[in-house]
Asks: 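Before anything else, here's the structure in question.
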Protein chains: 2
Amino acid sequence: MKQPKVTVVDVAHAAGVSKSTVSLVLQGSSLVNEATRARVGAVIRELGYVYNRGAANLRQSKSKIVGIVVNDLTNSFFAELAVGMDMVVQSAGYIQFMANTSENADRQGEVIASMREHGMAGLILSPARGTTAADLRPLVDSGIPVVLVARNVPGLKVSSVVSDGHAGAAAAVRHLIELGHRRIAFLGGFNDTAVFDERMRGFRDALLEAGLDASDELVISSAPSRAGGVAAVERMLAMRDRPTAALCFNDAVAFGACDGLRSARIEPGVDFGVIGFDDVIEAKTAVPALTTVSVDPQGMGRRAAQLLLKQINAGDFDAEAMVAAVRLVVRESCGAPQRVRELTA
Amino acid sequence: MKQPKVTVVDVAHAAGVSKSTVSLVLQGSSLVNEATRARVGAVIRELGYVYNRGAANLRQSKSKIVGIVVNDLTNSFFAELAVGMDMVVQSAGYIQFMANTSENADRQGEVIASMREHGMAGLILSPARGTTAADLRPLVDSGIPVVLVARNVPGLKVSSVVSDGHAGAAAAVRHLIELGHRRIAFLGGFNDTAVFDERMRGFRDALLEAGLDASDELVISSAPSRAGGVAAVERMLAMRDRPTAALCFNDAVAFGACDGLRSARIEPGVDFGVIGFDDVIEAKTAVPALTTVSVDPQGMGRRAAQLLLKQINAGDFDAEAMVAAVRLVVRESCGAPQRVRELTA
DNA sequence: CTCGTAATTTAGATCGTTCCAAATTTCAAG
DNA sequence: CTTGAAATTTGGAACGATCTAAATTACGAG
């Protein structure tokens, strides 16, 4: 079982040439004679030679490895993101270290350090909650290209690809207003994150633009989860002047909000308008089907990977911020006339 | 920006010792004097030295890298699987190459070859459909530990971690029988896969054990997707002696089956019993909530990773087959008295 | 034949680490 | 002071590739 590992020298010896020639063949150089190339190729296959990229990198010091670090792979939004990256990384002939941090910034620091030691050429990071600029500064300063995706880290001069949370939230709110709602809440999400901030500002701007109330009490933050949605909706229902609709931080919160409404005997989509954010897979099949802001995570992942590869290949580069467009997918939970709009979107 | 990369020699020079001593410090050897260790450590931090694991591996020829190759990361079942592996791999101080194959065996071959060139110490593979023993033979023969997970590849002597499809299917069928069903179908899945075969046999054995009809016409294969479920249920409804319940190949098929039943004005969970397989996240929140066989993919991932690491550390090892237990989660789609059983499971 | 140029091939240094064998330092006992 | 064992430190050869500069071979022209 334990093969004694064949190297270029073995191949060279077996083919009756020098290791330099074998190296040339490996690189597909045009310098080598056709007959020689064929002979060496045959020997390579015969001996079952496996190229040692580590040894090569040592000399060349530029690897074909990128790092992908994601905060939560069990969330289908981020899984799609990762798959999008995977596609372009693979077809560019690179391979990726990929790690999940479970929103743990310490763990994130460890895996990034480990990837660095292993010689990654660049990193795509969907940062864990609580990631600070200081955490990433050493990496960025070392000159390794870094692309942040989905979430930004304030105070850091690196490239990023994020969705247009402001526009998405505003579009959602405008739609609710159009449906006749006049008092609208924003539910869920931790209010210390950049993503929350952006979506919430979109929410507020759209209200102000329509001359409606946008006071702070309408913004109820909570964990960005189903449970958080339940909690937030409870607090909302306790208000004296109750809203008639809500934009939720993400789809998980929206589902939780629906749960909470039902246990108060309020039917989401009929008695109360609910809109989510992200358009996760379940949004389409839930009851009622969730109106939500669709983000195309796979496309975002692809774009982030393309940006990273571009920066790796360019010796020098500047930080570049990309904002991915979003679109409102109208289904049933907002109480709109059924499905009419989704078809035209 | 472009740091001129500091090496052990630089550190050695700055600390006034030899590179051998620095190496010793790096490895935490007890041979080195406490004062020296401290001084070197300080210099390392000061210069921002980054360990080059590639160079080290070259000399030691044993890396801290494992490969994880998954057939479909957008499927939450496999995403959970990957997260389980990630957890144990990370805490063992390893780092993983991770790639998605989208059920493409060619792509799978490419990424595995690439990972090999990069020097992975072992591989966990959830094989793409159509993977043959011949595809993996060279890798296995090279002595690199391989663990197959979720799906097996017949004719290959490697370790594997799979769920107990036979027992799960049998338990589901017994439950349906207990509820009074006497004619039960098996819907969906490609009948040329090992997983299909196993679940289908569990289905048939449970029927025979109860003295019920288990003829071939009750097994209707199709794509293992929502669309496949719709198609399968249509064919089932065209039978003269119509079943009153069905076990589905997986949850996606089960959802499709529900869709198909509804468009025939048959209410799943009331007029017809449906059971799925895998217990994906949506199963709990669907309407009706899906009765299904729960597999604990994260636990399976963890076990697979533990097995792989064990084999990597053991110089020599034997192929080991693990079968993960499953449990039936009774919800509403099978028409059972609501929720009673889930609480006791 | 002999030459010069183009086409091939090659020796040997190098990348950043580990590891062996040997050298050096330390220090308590004689 | 010596001395020898224990404690530290170190030079230099690997590891498996690439790369440079130089060596060798081929071949058509004179």
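Note that these values count all heavy atoms, side chains included, but never hydrogens, waters or copies made by symmetry. Just so we're on the same page: letters track the sequence lines, and every chain starts at 1.
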Asks: What N/O pairs connect the protein and nucleotides 9-11 of chain D at under 3.5 Å? Give each pair on its own line.
Replies:
{"from": "D:dT9", "atom 1": "OP1", "to": "B:Thr36", "atom 2": "OG1", "distance (Å)": "2.5"}
{"from": "D:dT9", "atom 1": "OP2", "to": "B:Asn33", "atom 2": "N", "distance (Å)": "3.1"}
{"from": "D:dT10", "atom 1": "OP2", "to": "B:Ser18", "atom 2": "N", "distance (Å)": "2.8"}
{"from": "D:dT10", "atom 1": "OP2", "to": "B:Ser18", "atom 2": "OG", "distance (Å)": "3.3"}
{"from": "D:dT10", "atom 1": "OP2", "to": "B:Thr21", "atom 2": "OG1", "distance (Å)": "2.8"}
{"from": "D:dG11", "atom 1": "N7", "to": "B:Ser20", "atom 2": "OG", "distance (Å)": "3.1"}
{"from": "D:dG11", "atom 1": "O6", "to": "B:Ser20", "atom 2": "OG", "distance (Å)": "2.8"}

Asks: I'd like to know if the side chain of A:Arg53 reaches the main chain of B:Glu117, judged simply by a donor and an acceptor atom lying under 3.5 Å from each other, with no hydrogens or angles considered.
Replies: no

Asks: Please round to 10 degrees the angle between the axis of the first five pairs and the axis of the last five pairs in the helix from C:dC1-D:dG30 to C:dG30-D:dC1.
Replies: 60°

Asks: How close do A:Lys5 and A:Asp10 get, heavy atom to heavy atom, and via which atoms?
Replies: O-OD2, 3.8 Å

Asks: Answer yes or no: does a side-chain N or O of A:Gln27 lie under 4.0 Å from OP1 or OP2 of D:dC19?
Replies: yes

Asks: Using side-chain contact (heavy atoms from CB on, under 4.5 Å) as the criterion, list what pairs up with A:Leu58, not counting sequence neighbours.
Replies: B:Asn52, B:Ala55, B:Leu58

Asks: With side chain to side chain donor-acceptor pair (under 3.5 Å) as the rule and sequence neighbours excluded, what pairs involving residues 66-76 of chain A come up?
Replies: A:Asn71-A:Glu103, A:Asn71-A:Ser126, A:Asp72-A:Thr74

Asks: Please enumerate all residues that pass salt bridge (charged side-chain N to carboxylate O under 4.0 Å, His left out) together with B:Glu46, with sequence neighbours excluded.
Replies: none

Asks: Tell me, which pairs form a ring pair (Phe, Tyr, Trp, His ring centres under 6.0 Å) where one or both residues lie in residues 9-68 of chain A, sequence neighbours left out?
Replies: none

Asks: A:Asp318: which residues meet the salt bridge (charged side-chain N to carboxylate O under 4.0 Å, His left out) condition with it, sequence neighbours left out?
Replies: none

Asks: What is the separation between atom CZ on A:Arg37 and atom C1' on C:dT9, rounded to the nearest whole Å?
Replies: 14 Å

Asks: Examine distances only and state if a side-chain atom of A:Ser29 and a backbone atom of A:Leu31 form a donor-acceptor pair shorter than 3.5 Å.
Replies: yes

Asks: Give the table of side-chain donor-acceptor pairs shorter than 3.5 Å for residues 16-28 of chain A, with sequence neighbours excluded, one pair per line with atom names and distance.
Replies:
{"from": "A:Ser18", "atom 1": "OG", "to": "A:Ser20", "atom 2": "N", "distance (Å)": "3.3"}
{"from": "A:Ser18", "atom 1": "OG", "to": "A:Thr21", "atom 2": "N", "distance (Å)": "3.4"}
{"from": "A:Ser18", "atom 1": "OG", "to": "A:Thr21", "atom 2": "OG1", "distance (Å)": "3.4"}
{"from": "A:Ser23", "atom 1": "OG", "to": "A:Gln27", "atom 2": "NE2", "distance (Å)": "2.9"}
{"from": "A:Gln27", "atom 1": "NE2", "to": "A:Ser23", "atom 2": "O", "distance (Å)": "3.2"}

Asks: Considering just the side-chain nitrogens and oxygens of B:Ser23, establish if one lies under 4.0 Å of OP1 or OP2 belonging to C:dT18.
Replies: yes

Asks: Identify each donor-acceptor pair in which a side-chain atom of residues 79-90 of chain B lies under 3.5 Å from a protein atom, sequence neighbours left out, and give them as a table.
Replies:
{"from": "B:Asp86", "atom 1": "OD1", "to": "B:Gln90", "atom 2": "NE2", "distance (Å)": "2.7"}
{"from": "B:Asp86", "atom 1": "OD2", "to": "A:Asn100", "atom 2": "N", "distance (Å)": "3.0"}
{"from": "B:Asp86", "atom 1": "OD2", "to": "B:Gln90", "atom 2": "NE2", "distance (Å)": "3.2"}
{"from": "B:Gln90", "atom 1": "OE1", "to": "A:Arg107", "atom 2": "NE", "distance (Å)": "2.7"}
{"from": "B:Gln90", "atom 1": "NE2", "to": "A:Asn100", "atom 2": "O", "distance (Å)": "2.9"}

Asks: For A:Arg129, what residues pass the salt bridge (charged side-chain N to carboxylate O under 4.0 Å, His left out) criterion, not counting sequence neighbours?
Replies: A:Asp192

Asks: Taking CD from A:Glu34 and C1' from C:dA7, how many angstroms apart are they, rounded to a whole number?
Replies: 13 Å

Asks: Using a 4.0 Å cut-off on heavy atoms, which residues in residues 42-65 of chain A reach DNA chain C? List them by number, or say none.
Replies: A:Leu58, A:Arg59

Asks: Write down the atom of A:Val6, the atom of A:Leu47, and the distance for their closest heavy-atom approach.
Replies: CG1-O, 3.5 Å

Asks: For nucleotides 23-26 of chain C, tabulate all protein N/O to nucleotide N/O atom pairs closer than 3.5 Å, reporting atom names and distance.
Replies:
none

Asks: Which residue in the set A:Lys157, A:Arg303, A:Lys310 passes salt bridge (charged side-chain N to carboxylate O under 4.0 Å, His left out) when paired with A:Glu320?
Replies: A:Lys310

